[in-house]
There are 2 protein chains.
Amino acid sequence: MAKSGTASGVSATGSERSAVTRRQLVNAAVETLKSDGYAGASARTIAQRAGVNQGLIFYHFGSVASLLLAALDAVSEERLERYDAEVSAAIGPSQLVDAAEGIFRNDLDAGYITVLVEMIAGASSTPGLGSEVAKRIRPWREFAQSTIEGSLRNSPLHGVLPAPDIAYAVVALYLGLEMLSHLEGDPDPALALFVHAKRIAGLFDAMPSTTSPEESP
Amino acid sequence: MAKSGTASGVSATGSERSAVTRRQLVNAAVETLKSDGYAGASARTIAQRAGVNQGLIFYHFGSVASLLLAALDAVSEERLERYDAEVSAAIGPSQLVDAAEGIFRNDLDAGYITVLVEMIAGASSTPGLGSEVAKRIRPWREFAQSTIEGSLRNSPLHGVLPAPDIAYAVVALYLGLEMLSHLEGDPDPALALFVHAKRIAGLFDAMPSTTSPEESP
DNA sequence: GTCTATACTTGGATAGAC
DNA sequence: GTCTATCCAAGTATAGAC
């Protein structure tokens, strides 16, 4: 089957070995960012967690920063996929808030947003990293924006509050809530906000499409 | 006048020298956190900026982390003082939003919230730092809470939205907006939010005290 | 009491082994 | 192509000079 793979032995081709090592390093980088933060994510710390020689980071990724970006990529991809599935199943404002709460709880447990926060904050200390991190956060903002746009279309708020601005605020709030929850070691105050949000969203559930029916001229 | 100070010369007493050095180090620590982030705030970097020997950090503060906490203290104190002055001059919701915008603009320019964000994110990498940072953020949350409480008292939202929860969200949003603005190098999306906030706040300006007049039984 | 010179540890990066 | 041993820079901390 494989072009040059081993049929059943323990040895592997170079590219297989490479892929395994890279994956181990990316996973270890994610875990290290979660537990030790950006400042604690050194080549040695990550490599030790991955169980490989520290020099491999530079061979496979060129620098620690590049590995951390790969870790951010891995998290982003996985998260966005999940978000998409959960949110697209939601119908109406209050179900959307429910989905958002589920996502937030899950992220908080898994520490995914911590990775994001650490990379944003850590970018200050590594020249050129900021724009790379910003590039990888754009999909999250776009996801938030299109979700909000869809929800706003059938709402009396349509036209009053532009979706891009709200999306920006939602992402910012999400990051901030994660920071505070993580710092205080207590997610309850953040989670309480979802209760209020759901109550308010419920007010809009009953009144779909209060805007003028003519959308396009 | 001074117990053992020099009358007019260039030399100074021990305690004066100490105070000068400490102040230089604290200022340099603040600047370093702003420009290089937590990960870049090493003893060497800070001391170089302060123009003093690197070992003095350990003599005067015991550790780099303690110096950084002193830097956070200095910023917190200065900021809270200013906030208090600006906010207490505001009357009514829309003036409050105006004050908040002024504060946010100023903080963004001066980089004060960056210091806060870097310390929160950096706390993950230094054992025991998290609770110390949390302790120093509590006054900010309390300030936000009492401000919001005062504004909410004469509002129809009184009783619907509890002030502590809103205060938590406001602080989180503030931190998140700073992070994103700083990362993207563009404060406009964040500032646009204040325009919307002001418009919404204006709706409440005209309707003071719509709750039942009986406050205490 | 204040500070400097020095010791030792950890981190990033690469030359060369396999 | 993949990895390890090694180099040098940067980091924290302190013993001892002033």
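Side-chain atoms are counted along with the backbone in the values below, which use heavy atoms only and exclude waters and symmetry mates. Labels below follow one simple rule: chain letters A, B, ... track the order of the sequence lines, proteins then strands, and each chain is numbered from 1.
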Task: Between D:dT12 (P) and B:L25 (CG): distance, integer Å - done: 13 Å
Task: Short side-chain N/O contact from A:R17 to OP1 or OP2 of D:dC3, under 4.0 Å - done: yes
Task: Approximate separation, where rounding is to 0.5 Å, of B:R79 CZ and B:L116 CG - done: 11.5 Å
- [ ] Evaluate the ring planes of A:F143 and A:Y83, with Trp represented by its six-membered ring, and classify them as parallel (under 30°), tilted (30 to 60°) or perpendicular (over 60°).
- [x] tilted
Task: A:I57 CD1 - D:dA5 P separation (whole Å) - done: 16 Å
Open item on the list: One character per nucleotide, please: for nucleotides 10-16 of chain C, 5' to 3', B when the base has a protein heavy atom closer than 4.0 Å, S when only the sugar-phosphate does, - otherwise.
Closed with: -BBBB--
- [ ] Classify the ring geometry between A:F194 and A:F104 as parallel (under 30°), tilted (30 to 60°) or perpendicular (over 60°).
- [x] tilted
Task: Rounded to 10 degrees, the angle between the two terminal axes of the helix from C:dG1-D:dC18 to C:dC18-D:dG1, each from five pairs - done: 0°
Open item on the list: I'd like to know if A:R141 and B:E184 make a salt bridge, using a cut-off of under 4.0 Å between side-chain N and carboxylate O.
Closed with: yes
TODO: Using only heavy-atom distances, determine whether the side chains of B:R49 and B:S35 contain a donor-acceptor pair under 3.5 Å.
DONE: yes
- [ ] Measure from the side-chain N and O atoms of A:E118 to the backbone N and O of A:Y38, and report whether any donor-acceptor pair falls under 3.5 Å.
- [x] yes
- [ ] Could you tell me whether the phosphate oxygens of C:dG1, OP1 or OP2, come under 4.0 Å of any side-chain nitrogen or oxygen in B:H60?
- [x] no
- [ ] May I ask you to evaluate whether B:S18 reaches the phosphate of C:dT2, defined as a side-chain N or O under 4.0 Å from OP1 or OP2?
- [x] yes
Task: Integer-rounded Å distance: D:dT2 C1' and A:F61 CZ - done: 14 Å
- [ ] Considering only NZ, NE, NH1 and NH2 on the basic side and carboxylate oxygens on the acidic side, decide whether A:E86 and A:R82 come within less than 4.0 Å.
- [x] yes
Task: Distance under 6.0 Å and angle within 45° of ring axis: A:R22 vs A:F61 - done: yes
